[in-house]
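Here's the structure, in structure tokens; my notes come after.
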Amino acid sequence: MDIRIPRGTQDILPGTSEKWQYVESIWHDICRRFNYSEIRTPIFEQTELFQRGVGDTTDIVQKEMYTFSDRGGRSLSLRPEGTASVVRSYVENKRYGSPNQPDKLYYTGPMFRYERPQSGRMRQFVQFGVEAIGSDDPAIDAEVIALAMDFYKETGLKGLKLVLNSLGDKESRQAHRDALIQHFKPRIDEFCEDCQNRLEKNPLRILDCKEDQDHPLMESAPSIIDYLNEESLQYFNTVQELLDKMEIPYTIDPGLVRGIDYYNNTAFEIMIEGDGFGAITTLTGGGRYNGLVEELGGPKSPGIGFALSVERLLMALEVQGVELPVDQGIDCYLVTIGEEPAKAGTAILAEMRRAGIQADKDYMDKKMKAQFKTADRLKASFTAVLGEEEWNAGKINVKHMNSGEQQEVELNQLTTYLKKKLESEK
RNA sequence: GCGAUUGUGGCGAAGUGGUUAACGCACCGGAUUGUGGUUCCGGCAUGCAUGGGUUCGAUCCCCAUCAAUCGCCCCA
């Protein structure tokens, strides 16, 4: 039998896992600074949550969910995204009753979508996300966007483009949709097959069709911006104003649509520019969802959030050659020669570790020379050599690997000596 | 779900219908019986994704499957 990793999943191995931990630490830290608290929800939920939350007609729900029934006959689904779960939890735990509104939450974790894998698109992928529920102040929209942009900046990623749009409220959306259908319908047979299908289903999508982008009707198509009612327009303008004040540049793209039903008003994406990303250029997607809490059985509570893909972030960092500070070697490698010293090594190692020194030794019965090679490979700052001579004298030989300098140290002084040396290295 | 390309050791990468599947890196051992990163020598494939088929004989030909990559769709 030949068991392999499931399609569209990946093992994150040593060498890469450090990068994950690094970006995770930045993420936790930035959320802390923005005063968002972590929420952890299950990776599977009742299927109905996503049908109602994400939208029954969306591709995500219709053809991309991992749905199964458990032994009790319940229909469950692996979460395809995070917002629905967070809102479910907000309602279920009556977070709306808390004096602290908006409820500012963030999460981290794997999401699952049954799609054809390609680079930057996995069946299991990890999202970092944020949700602020309970306020419809445009300032919270701006805050959430700023959080995302600052996060990327701190990872060292460049060439980002913030794309902004407003989908308006329900009324504006409906008016725009009708206008689009009216606009395209008379000449829809001049468009590609995809667009013909889009006409009734999601006419907005026709606007970013690549095949028909030169069609004269594209240019003259009604823009959502022109269909925003007074209130929606006002809201959109304020968000922009606040972004300007924070000096966060953005471009407005009236064609920006989100594939999830719950969005309204503010919608945004953060894209990456440059070569090497293939078809995948969106790093982050987010927006406002003022009807979702109600849809899931809570009181009317507006919300906004976004999710970003860690895989895509790491891929972008790789393409841009950003060096993450994760390539450090260990502090000390213990080399022993002979039986007695080898035995004594176990306790010496333990002592170093208890003192906070990152240390290791050989377990492959290697010769001294090979132990040094290992120390090299591990980029050890120091080696501590314990042979019969040192052992009998109660000493140990400490070697600084870069300079080659060696020093005999009393065995009981080893950790203090090393700590001092390591301190002065920094 | 559709289309295209690819699949040889830990990694990179040659190659052929027929006795022992190049080479490079990495790894292990030795030269140097207690000191590494250089050099030299030696070693290192459950056999060429998996399963069938054609053939006297296939890693190389055919089919299927699986996977990766790219494009479409969609999205993070």
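So you know, we letter chains A, B, ... as the sequences are listed, proteins then strands, and number each from 1.
Base engagement by Glu390(A) is indicated by at least one non-hydrogen atom pair under 4.0 Å involving a base atom. Within the 4.0 angstrom heavy-atom criterion, base atoms lie near Lys399(A). If you check every strand for non-hydrogen atoms under 4.0 Å, Met111(A) touches nothing. At the heavy-atom level, Gly8(A) lies under 4.0 Å from the strands shown only through sugar-phosphate atoms. At the heavy-atom level, Ala307(A) lies under 4.0 Å from the strands shown only through sugar-phosphate atoms. As judged by a 4.0 angstrom heavy-atom cut-off over every strand, Glu269(A) is placed among residues making no nucleic acid contact.
One can place CD of Glu81(A) at 11 Å from C1' of rA76(B), the figure rounded to the nearest angstrom. Atom pair Asp59(A):CG and rC74(B):C1' shows a separation of 5 Å (rounding to whole Å applied). Rounded to whole Å, the distance from CE on Met315(A) to C1' on rA76(B) is 10 Å. The CD1 atom of Ile396(A) sits 13 Å away from the C1' atom of rU35(B) (whole-angstrom rounding). One atom, CG of Leu314(A), and another, P of rA76(B), lie 19 Å apart when rounded to the nearest Å. Spacing between atom CD1 of Ile5(A) and atom P of rA67(B) amounts to 12 Å, rounded to whole angstrom units.
At the phosphate of rG30(B), OP1 or OP2 sits under 4.0 Å from a side-chain N or O atom of Lys367(A). Within the 4.0 Å cut-off from OP1 or OP2 of rU69(B), not a single side-chain nitrogen or oxygen of Arg116(A) is found. OP1 or OP2 of rC28(B) has at least one side-chain nitrogen or oxygen of Lys366(A) nearer than 4.0 Å. The shortest distance between the side-chain N/O atoms of Ser119(A) and the OP1/OP2 oxygens of rC70(B) is below 4.0 Å. Side-chain N/O atoms of Gln406(A) include none lying less than 4.0 angstrom from OP1 or OP2 on rU35(B).
Comparing the P positions of rC60(B) and rA64(B) gives a spacing of 15 Å, expressed to the nearest Å. The gap from the P atom of rC61(B) to that of rU5(B) amounts to 15 Å, rounded to the nearest Å. The separation of rA26(B) from rA13(B), taken at their C1' atoms, amounts to 14 Å, rounded to a whole angstrom.
Across the interface with RNA chain B, nearest-nucleotide mapping of Pro117(A) and Glu311(A) shows Pro117(A) to be the residue nearer the 5′ end.
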**OP:** Go through the steps for Asp29(A) and Arg32(A) under the test salt bridge (charged side-chain N to carboxylate O under 4.0 Å, His left out), then give the verdict.
**Re:** CA-CA 5 Å; Asp29(A) 188 58; Arg32(A) 200 203 87 244; 2.5 Å; yes
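A 3.5 Å limit on both hydrogen-bonding distances identifies no Watson-Crick or G-U partner for rG37(B).
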